[in-house]
Asks: 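Below: one structure in structure tokens.
Nothing fancy with the numbering, it's 1 onward along the sequence.
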Amino acid sequence: MKTIFSILAVFCIPITHFAAVDPVPMEIGWLGDKAPLLEQGISWGVPWQPGTLKKTQSFILSDQGDKELPLQTWPMAYWPDGSIKWLGCATVAGPGQADQVKLMPGKASKSAEGIKITESKTDLLVNTGVMSCRISLQGSNLVKEMIIDGKIVASDGHLECSLEKEFIQEGYKTKRIEEFLSDIQNVELEQSGTVRAVVKVEGIHKSVQEDREWLPFTVRLYFYVGQTEVKMVHTVIFDGDEKVDFVKGLGIVFSVPMREEIHNRHVRFSGEEDGLWSEPIQPMIGRGGRYVADEDRRDYYPDQIAGKRIPDRDQLSERGQGWLDDWAVWTGFKLYQSNANGFTIEKRTNAESCWLPAGAGKRSTGLAFVGDVSGGLAIGLKDFWQSYPSSLEIDHAEKDKALMKAWLWSPDGPLMDMRHYDTLEWGHGLQAVYEDVQPGFSTPHGMARTSVLTLFPTGGLPEKQETANQSQTASNPPLLVCSPEYLHAAESFGIWSLPDRSTPFKKAVEERLDDYLSYYQKSVDQHNWYGFWDYGDVMHSYDRTRHVWRYDLGGMAWDNTELGTDVWLWYSFLRTGREDVFRMAEAMTRHTSEVDCYHLGRFAGLGSRHNVRHWGCGAKELRIAQASYKRFFYYLTCDERTGDLMHEVADADLKLLEVDPMRLASPIAEEDKIYPTRARGGPDWLGAVSNWMTEWERTGNTKYRDKIYAGMDCIAEMPYGFLSGPNNTFGYDPETNKLFTLTDDPYGTYNLTTIMGGAEVIFELNEMIDHPGWKKAWLQYCRLYNAPKEVIRKDMETGTEGEDGSYARADRLAAYVYMQTGNEAYINPAISRLFGRGGAGRMTPDLVSGPNVLNPLEELPWVGTNGAAQSSLVAIQVLQMCGDKLPYDVPKQEPRPSRRR
């Protein structure tokens, strides 16, 4: 086992200077104004302006009543001068902190001893003060036991997977189930402090029957001082053969000791919102029989249903004991979410008997409890109904140990089919259906999925309201967030604007932004964009004739980050602070950073372009997996898994040696290669810059800054600057990080260079670096994007061409030129396409119903995700860069003709 207390153990961060600015007190609110329903641990990030925060600065956290709260802080990212850019924070808060909390400089009063960590040769013991958790260092059980008040309330926590295999036996096709259990390979104590401890467990699923290992996993366990609950972040990577490996079930299993007699044992499932299905495993009710104590004819049934302790069997009357012998004992229970709009609850008396329907509903929040009046365990699974087929199962409730199973992929659902949607070797064609399928490339091998669970061990049977609160907490965890105004002032995440409706023009822009968000939020539900492998993504293109998104049409189905959809949602949250937008962006980041990217194997470090299947396209590109898409979620929530994902792409440019992004668009024979590989200035090189910038700011390792500078040096010396080509394509050497021109007269732009996250990366990076040559080339690129090469060649000497704005790209690049130069000629091109087709005005969806659609729906038939994402990003950035010179009134604009014939 190895212990990691700080990333600074790897790199020493030099502090060159600090401005004479001290941190000021700030108020931090709850996401959606929703304070915790239960006392629990919270982690969040706080950004700081350059030169403001030294590493040695201490803080005090207090509630609105000035009651001091426990606080642990750590650096997450640094400015180039060594000052802290993002500070991670952790505390414990509850319903009493219903308003904002206050973070201020100062030395906290002496805190409690904090979390105790004890390590032995076989396990790691984490003691929060009220609960101890023993984590195995080897074997199958990740969580050996959870102890409250000296009692083991949960044990043997491990991962399970079942695989259904077909084979021929005596001429007949036969099916067999192969079982796999987790096998621990490494355990790290990633963080240990006064408030929070994080343990990372890595391993593989190992066959019980055969000599096979597959499905690597990473599980993180989060502990907070004085708390019993444990957050579990579970990641699994698919590394099988999709043609033969069909997963039947994938989940987490715990044993729960049952100390009390049968009639004092209980099972609970959460329903919709705060609804609860709650029953004893032996309800004390029968045919007119409720009174089991002759002395006072007391009716214990209401107390039993309420969860109160019922006298043991030997304290009951002879008649009562007889009824206990006759009443059914239910030993198995399950809640199965088969789709996004339906779940069922069933129970049975034994494995040889039927499952009895016991309840049903639409969308369960995804929590189950099993235990007795002396203790038990509840498990809540975030995004439970959204990630169907999922289920919660309890078995052997009558035995000394019940089994609690949280199925991420339910064995009651269909087999997990990871095959591509067709068998054509080269797919259906780029021109026909926008599809770029290539032989052997439509593979899920290396894709991942992350799920978040919360474990609630307890030393007694909770009140029903507490269980309901646990389900709400697990499904919608509270989060502390800085205000949009503070995030904006801290210069976090580059250039973006706060909402401004002060003029008719600005109001119209804001309404258009609202309309796009509202439409996509409704589309998620209207078009059922849910499921284990799909939830979080949106579709690419709309079919106005069928009234559906083109879910079955090559490269027009799932979006897979195409034109910065993730960034659009995150900027929308940053500027508004809206909880609903945060949850949508969170789900998208969880999906696109795991499912749309490769984490091992041939394409590790790359992502897969949009397709009917998330992994179906042959275009495996660095830009889809770039770190800039993930930074928002990481810095706002301190999520270590997302940190892993950003780190694993730090050197992803090396993959360009194996997967040349221009191999089909511009084939080149091996013997004709001059340079190790090729890279487009964007999205390839800018995607790599995103990765290097993120690794540099997180670690302070100047190696990654130097990688950026190496490319910038080359671009600054090229005959057409960043407008060199052809098609903005360069020779590239990952060993030196140098870029090279490929022709004698290397001119050529590329429409995708900056619209896949590249512009946002450079807007932020330019405030972190000192490279005059690059900044000149970038400003020239923004100023002369549409200029012929003669003009650009002349500008290399004069530096003044196109000052009338006529060659600028009509979007945020023109706005950037205005912001940098003050030349108002760039205002008009910057705002010329803010409203897109149809001009200004609210986007009112059409209502479609009747036999033309499966279900009534609202549609904006001309809206596609590329346009929605890009026009929204442009608007958000133009409002900031040109806000002081925008028109007062909305200009008259002729609607652009439809492209449809």
Asks: side-chain contact (heavy atoms from CB on, under 4.5 Å), that's the test. Do S572 and I876 meet it? Break it down for me.
Replies: CA-CA 8 Å; S572 298; I876 289 169; 4.1 Å; yes
Asks: Checking side-chain polar atoms at under 3.5 Å, does N691 have a donor or acceptor matched by the opposite partner on Y704?
Replies: no
Asks: Are V199 and V187 packed together at the side-chain level, in the sense that at least one heavy-atom pair is separated by less than 4.5 angstrom?
Replies: yes
Asks: Assess, by modelled atom type and distance only, whether the side chains of D436 and Q438 contain a donor and an acceptor separated by less than 3.5 Å.
Replies: yes
Asks: Sort out for me which residue in T677, D653, D684, D660 forms a side chain to side chain donor-acceptor pair (under 3.5 Å) with Y732.
Replies: D653
Asks: Please give me the minimum heavy-atom distance between T753 and G681, naming the atom from each residue.
Replies: CG2-C, 4.3 Å
Asks: How are the rings of Y781 and Y785 set relative to one another: parallel (under 30°), tilted (30 to 60°) or perpendicular (over 60°)?
Replies: perpendicular
Asks: Evaluate the side-chain proximity of I84 to Q57: yes if any heavy-atom separation is below 4.5 Å, no if none is.
Replies: no
Asks: Can you confirm whether more than 12 heavy atoms, excluding those of E670, are under 6.0 Å from its CD atom?
Replies: no
Asks: Pick out which of F493, W74, W79, Y634 makes a ring-ring contact (aromatic ring centres under 6.0 Å, His included) with W86.
Replies: F493
Asks: Of V874, V817, T754, I495, which is the lone residue that meets side-chain contact (heavy atoms from CB on, under 4.5 Å) with R812?
Replies: V874
Asks: Could K703 and E695 be called an ion pair, given the rule that one side-chain N must be under 4.0 Å from one carboxylate O?
Replies: no
Asks: Could you state the interatomic distance from CZ (F603) to CE (M447), rounded to the nearest 0.5 Å?
Replies: 9.5 Å
Asks: With side-chain contact (heavy atoms from CB on, under 4.5 Å) as the criterion, how do K200 and D644 come out once you've worked through the C-alpha distance, each side chain's angles and the decisive distance to 0.1 Å?
Replies: CA-CA 11 Å; K200 178 181 179 182; D644 286 351; 3.6 Å; yes
Asks: So, Q49 side chain and A489 main chain: donor-acceptor pair closer than 3.5 Å or not?
Replies: yes
Asks: Which heavy-atom pair separates Y750 from N727 by the least distance, and what is that distance?
Replies: CB-O, 3.4 Å
Asks: Check L563 against L873 and note the closest heavy-atom contact, atom names and distance.
Replies: O-CD1, 4.3 Å
Asks: Hey, are E640 and R220 close enough for a salt bridge, meaning a charged N less than 4.0 Å from a carboxylate O?
Replies: no
Asks: State, with a plain yes or no, whether a side-chain heavy atom of V198 is found less than 4.5 Å away from one of E188.
Replies: no
Asks: Looking just at side-chain N and O atoms, do S83 and D81 make a donor-acceptor pair shorter than 3.5 Å?
Replies: yes
Asks: Measure across I237 and A448 and return the closest heavy-atom pair with its distance rounded to 0.1 Å.
Replies: CG1-CB, 3.9 Å
Asks: Out of the candidates F582, F573, Y571, only one should pair with F632 under the ring-ring contact (aromatic ring centres under 6.0 Å, His included) rule; please name it.
Replies: Y571
Asks: Sub-3.5 Å donor-acceptor pair from the side chain of T73 to the main-chain atoms of C89, do we have one?
Replies: no
Asks: Any side-chain to backbone donor/acceptor pair from K775 onto I769? Under 3.5 Å, distance only.
Replies: yes
Asks: So R631 and E760, salt bridge (Lys or Arg N to Asp or Glu O under 4.0 Å) or not? Walk me through it.
Replies: CA-CA 12 Å; R631 292 167 72 242; E760 289 74 25; over 6 Å; no
Asks: With a 4.5 Å limit on heavy-atom distance, are the side chains of M693 and M768 in contact?
Replies: yes
Asks: Let me see the working for D795 and R783 under side-chain contact (heavy atoms from CB on, under 4.5 Å), right down to the final yes or no.
Replies: CA-CA 10 Å; D795 188 74; R783 181 165 43 88; 2.8 Å; yes
Asks: Determine the sole option in D537, D566, D559 for which the side chain to side chain donor-acceptor pair (under 3.5 Å) test with T592 is passed.
Replies: D566
Asks: For residues 705-719, run the donor-acceptor check on the side chains, cut-off 3.5 Å, and write out each pair with its distance to 0.1 Å, sequence neighbours left out.
Replies:
from: Y709; atom 1: OH; to: D770; atom 2: N; distance (Å): 3.1
from: D713; atom 1: OD1; to: H771; atom 2: NE2; distance (Å): 2.6

Asks: A side-chain contact here means heavy atoms from C-beta on lying under 4.5 Å apart; do W496 and H488 qualify?
Replies: yes
Asks: Tell me whether R698 contacts the main-chain N or O of M646 through its side chain, where contact means a donor paired with an acceptor under 3.5 Å.
Replies: no
Asks: If I compare all heavy atoms of R609 with all of N560, which pair ends up nearest, and what's the gap?
Replies: O-ND2, 3.6 Å
Asks: Can you measure from OG (S192) to CD (E119) and round to the nearest 0.5 angstrom?
Replies: 11.0 Å
Asks: Show every donor-acceptor pair shorter than 3.5 Å between a side-chain atom in residues 617-627 and any protein atom, with sequence neighbours excluded, or say none if there are none.
Replies:
from: K620; atom 1: NZ; to: F441; atom 2: O; distance (Å): 2.9
from: K620; atom 1: NZ; to: Y598; atom 2: OH; distance (Å): 2.8
from: K620; atom 1: NZ; to: S608; atom 2: OG; distance (Å): 2.9
from: K620; atom 1: NZ; to: W615; atom 2: O; distance (Å): 3.0
from: K620; atom 1: NZ; to: C617; atom 2: O; distance (Å): 2.7
from: E621; atom 1: OE1; to: R623; atom 2: NE; distance (Å): 2.8
from: E621; atom 1: OE1; to: R680; atom 2: NH2; distance (Å): 3.2
from: E621; atom 1: OE2; to: R680; atom 2: NH2; distance (Å): 3.3
from: R623; atom 1: NH1; to: E562; atom 2: OE1; distance (Å): 3.0
from: R623; atom 1: NH2; to: E562; atom 2: OE1; distance (Å): 3.3
from: Q626; atom 1: OE1; to: S628; atom 2: OG; distance (Å): 2.8
from: Q626; atom 1: NE2; to: R623; atom 2: O; distance (Å): 2.9
from: Q626; atom 1: NE2; to: Y629; atom 2: OH; distance (Å): 3.4
from: Q626; atom 1: NE2; to: M756; atom 2: O; distance (Å): 2.8

Asks: Under 3.5 Å, is there a donor-acceptor pair between the side chain of Q72 and the main chain of R196?
Replies: yes
Asks: For the residue pair F217 and V219, establish whether any side-chain heavy-atom pair is separated by less than 4.5 Å.
Replies: yes
Asks: Between W214 and F238, is the gap from one ring center to the other below 6.0 Å?
Replies: yes
Asks: From the options E594, R449, H599, select the one residue that forms a side-chain contact (heavy atoms from CB on, under 4.5 Å) with T235.
Replies: E594
Asks: So how far is it from L61 CG to L480 CG, rounded to the nearest 0.5 Å?
Replies: 7.5 Å
Asks: Going through the checks in order, is the side-chain contact (heavy atoms from CB on, under 4.5 Å) test met by V126 and L221?
Replies: CA-CA 10 Å; V126 181; L221 300 169; over 6 Å; no
Asks: Are the side chains of F59 and L53 in touch, meaning some heavy atoms are under 4.5 Å apart?
Replies: yes
Asks: Atom CZ of R678 and atom CE of M662: how far apart are they, to the nearest 0.5 Å?
Replies: 6.0 Å
Asks: Check this for me, if you would: do K630 and D639 make a salt bridge, where the nitrogen-to-carboxylate-oxygen distance has to be below 4.0 angstrom?
Replies: no
Asks: I'd like to check the ring pair (Phe, Tyr, Trp, His ring centres under 6.0 Å) partners of F763; sequence neighbours left out, ordered by chain and number.
Replies: Y816
Asks: Over all heavy atoms of both residues, which pair between L124 and I117 is shortest? Give the atoms and the distance, please.
Replies: CD1-CG2, 3.5 Å
Asks: I'd like to know if the side chain of Y486 and the backbone of P47 have a donor-acceptor N/O pair within less than 3.5 Å.
Replies: yes
Asks: Can you tell me if NZ on K738 sees more than 12 non-hydrogen neighbours from other groups inside 6.0 Å?
Replies: no
Asks: Counting distance only, does the side-chain N/O of T589 pair as donor-acceptor with the main-chain N or O of E586 below 3.5 Å?
Replies: no
Asks: Can you tell if the side chain of L656 reaches within under 4.5 Å of the side chain of W685, non-hydrogen atoms only?
Replies: no
Asks: Sub-3.5 Å donor-acceptor pair from the side chain of D239 to the main-chain atoms of L215, do we have one?
Replies: yes
